[in-house]
There are 2 protein chains.
Amino acid sequence: MSTPADTAGRTPRIVRTAAELSAAIARAIEFNAPEQGTATLGLVPTMGALHSGHESLVSTARAHNDVLVVSIFVNELQFNDAQDFARYPRTLEADVEILARAGADIVFAPQASTVYPDGRPLIKIDSGELGSKFEGASRPGHFDGMLAVVAKLLHFAMPPATLGVPVSYRAYFGQKDAQQLVLINRMVADLNYPVEICSVPIIRSAEGLALSSRNQFLTAEQAKAALVIHRALSLVKERAERHEPLYLEDAAGLFEMEPLVELDYFELVDPRTLQELAFNCQDTPFTGEGLLLVAARVGEVRLIDNMPLGY
Amino acid sequence: MSTPADTAGRTPRIVRTAAELSAAIARAIEFNAPEQGTATLGLVPTMGALHSGHESLVSTARAHNDVLVVSIFVNELQFNDAQDFARYPRTLEADVEILARAGADIVFAPQASTVYPDGRPLIKIDSGELGSKFEGASRPGHFDGMLAVVAKLLHFAMPPATLGVPVSYRAYFGQKDAQQLVLINRMVADLNYPVEICSVPIIRSAEGLALSSRNQFLTAEQAKAALVIHRALSLVKERAERHEPLYLEDAAGLFEMEPLVELDYFELVDPRTLQELAFNCQDTPFTGEGLLLVAARVGEVRLIDNMPLGY
């Protein structure tokens with residue numbers, strides 16, 4: 001098996017089409033597969049504009065797989081705002097440098113015409129109720145568009161059955177987009193995709209701000225104000241760890257002291273179903289498992305964050 | 001490569017769960033794969049109640065593949081009428097006999113709890129406009145439910161990547177359900193499923209009635225009246241072959257002479273997009289490609305049929 005030490009620093013192979021990707025995966029597997037047993041192939045789907053959060057995702061996937069594919073595609077379908085899509089950072093050269101350092105073997109950077117050759121798909125993925133709450137409530141169509149491209153990417157990078165080498169297939173997503181991760185796990189289960197979904201924890205700045213490609217749009221003052229998100233999450237987490245009542249409303253109240261930050265939601269949910277765990281908001285000690293979700297606007301920038309509790 | 005002569009008459013292996021299916025496919029491929037080159041795996045999804053139409057589908061798939069899986073699952077999600085679901089014929093024993101004769105290697109007959117372990121899927125396939133016209137107009141939700149199960153079955157029977165034998169994968173559908181075939185082709189393209197979709201022509205009774213599991217609900221008198229469907233299709237086809245104007249309304253008029261048969265639609269469409277080709281209904285000679293779609297009610301039974309023109 002390849003280790004980060006073997007491959008880190010080598011420039012990954014950049015491919016643009018589905019056929020190039022399949023051929024590159026086939027060659028990489030033939031080259032890197034163990035002499036006996038099953039090879040492992042990892043996929044990390046991204047929209048580029050890579051930061052240390054992605055680097056951690058890629059490094060984890062690198063350490064666990066013989067062959068590592070990272071896709072970079074800014075998926076118009078998941079932007080409900082055309083301006084947001086237009087100004088989303090496209091930094092392929094810098095991304096490839098980061099991916100070389102993190103040890104990706106293959107970068108799949110398709111054109112829109114490769115992913116959507118006939119324009120918008122006629123057959124759509126409907127994320128249903130799970131995709132219309134929380135982030136879905138303020139970004140109509142976002143999760144349907146996200147699932148549409150993930151449904152494709154999982155097939156694009158699937159180990160070719162014509163290869164003749166036993167391969168086990170995993171795809172990696174960050175825990176920062178918690179609702180996205182729940183939806184992808186649900187889609188993979190509901191459509192029986194032959195892939196294992198893996199996730200890695202949020203990476204934060206030293207001060208606690210969850211890394212995001214959108215943070216670059218924050219002024220220094222806004223970035224400082226945004227730290228209230230982590231303060232509020234941490235406050236609840238500490239209470240959960242001490243098995244105290246969570247007093248969510250009281251933690252949410254911290255946002256009132258930051259006029260630059262407008263809270264959208266601050267909710268404790270079931271980590272698999274996203275059902276609100278209202279009972280934990282009462283003043284009884286917290287038990288069980290929960291996921292604390294938060295979204296807030298800072299100027300024009302929408303930030304999301306979350307904190308797992310009790311596990 | 002196995003030929004029908006090798007395997008016909010052997011009782012297929014019946015499996016119930018996804019794990020059993022994968023294991024059976026792995027064993028069958030290891031046993032039947034050619035010494036060199038790529039093995040071929042075919043899947044024929046059915047709802048059972050097999051008739052000669054299915055037998056033709058299975059025989060075609062048998063002749064073209066080293067390993068042949070036939071699935072039998074009455075998919076509640078595609079029935080918009082609970083009564084229709086309840087009375088849909090379930091004839092596993094007879095089906096397996098037919099499949100033994102046709103040479104299937106594996107019969108996948110899952111329980112509903114295997115296909116839908118969590119009840120109805122939360123992430124749905126939305127067949128959109130393509131699925132809401134023609135059959136979709138009178139069967140709301142039918143095509144979404146059909147795609148939901150096909151999306152799963154294509155993954156259930158996919159050659160396991162962990163196998164280590166090169167396999168090429170195909171799935172077979174009959175041309176009788178023309179709109180279903182268009183939708184499945186569209187889903188496979190839109191979601192980039194790594195499978196080749198193959199289709200086989202309609203099988204008809206000697207008198208011309210397209211075979212269907214629903215024909216058994218017709219009285220002899222109704223079955224005779226239903227022959228008007230094929231008469232109307234054939235009339236138009238003959239005109240197309242002579243490069244004459246099609247006069248569709250005039251062919252549709254034949255239904256008025258059969259009081260037992262109530263015409264729903266009789267439309268010429270593009271065979272890939274299902275767009276109505278209205279210009280061909282005018283009195284100019286027919287050129288190009290078209291698909292003539294028809295649906296009619298005979299008593300309680302809804303019958304569909306179609307005829308490709310110009311190819």
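Values below: every heavy atom of this structure, side chains too, minus hydrogens, waters and symmetry copies. Everything numeric in this text was worked out from a predicted model, so none of it was measured. Here is how names work: the chains are called A, B, and so on, in the same order as the sequence lines, proteins then strands, and each is numbered from 1.
For the pair B:Arg170 and B:Tyr193, the NZ or CZ position fails the cation-pi test of under 6.0 Å to the six-membered ring centre and within 45 degrees of the ring normal.
Residues B:Glu135 and B:Tyr265 have side chains that bring a donor and an acceptor to within less than 3.5 angstrom of each other. At a cut-off of 3.5 Å, with distance as the only test, a side-chain donor of B:Asn75 or B:Tyr116 sits close to an acceptor on the other residue.
A:Gln179 contributes a side-chain N or O that, together with a main-chain N or O of A:Lys133, makes up a donor-acceptor pair within less than 3.5 Å. In this structure a side-chain-to-backbone donor-acceptor pair under 3.5 Å is missing from B:Thr40 to B:Ser168.
Only the side chain of A:Asp118 comes within contact range of chain B, with heavy atoms under 4.5 Å apart. Neither the backbone nor the side chain of A:Leu153 comes within less than 4.5 Å of any heavy atom in chain B. Only the side chain of B:Met158 comes within less than 4.5 Å of a heavy atom of chain A; its backbone N, CA, C and O stay farther away. For a residue to count as touching a neighbouring chain, one of its non-hydrogen atoms must lie under 4.5 Å from one of that chain's; by this rule A:Leu163 touches chain B with the backbone only. Residue A:Ala189 touches chain B through its backbone alone, counting heavy-atom pairs closer than 4.5 Å. In this structure, chain B has heavy atoms under 4.5 Å from both the backbone and the side chain of A:Thr162. When heavy atoms are compared at a cutoff of 4.5 Å, A:Val165 approaches chain B solely by way of its backbone atoms N, CA, C and O. Residue B:Tyr169: no heavy atom, backbone or side chain, is found under 4.5 Å from chain A.
In this structure, A:Arg13 does not pair ionically with A:Glu20, as no charged nitrogen and carboxylate oxygen lie closer than 4.0 Å. Taking a cutoff of 4.0 Å between a charged side-chain nitrogen and a carboxylate oxygen, A:Arg62 and A:Asp105 qualify as a salt bridge.
The candidate from A:Pro121, A:Ser22, A:Ala161 with the greatest count of non-hydrogen atom pairs under 4.5 Å with chain B is A:Ala161. Ranking B:Glu129, B:Arg120, B:Arg186 against chain A, the residue ahead of the rest is B:Arg186, based on heavy-atom pairs under 4.5 Å. Ranking B:Leu122, B:Thr38, B:Val115, B:Leu147 against chain A, the residue ahead of the rest is B:Leu122, based on heavy-atom pairs under 4.5 Å.
Side-chain contact between B:Val150 and B:Phe173 is present, with at least one heavy-atom pair separated by less than 4.5 Å.
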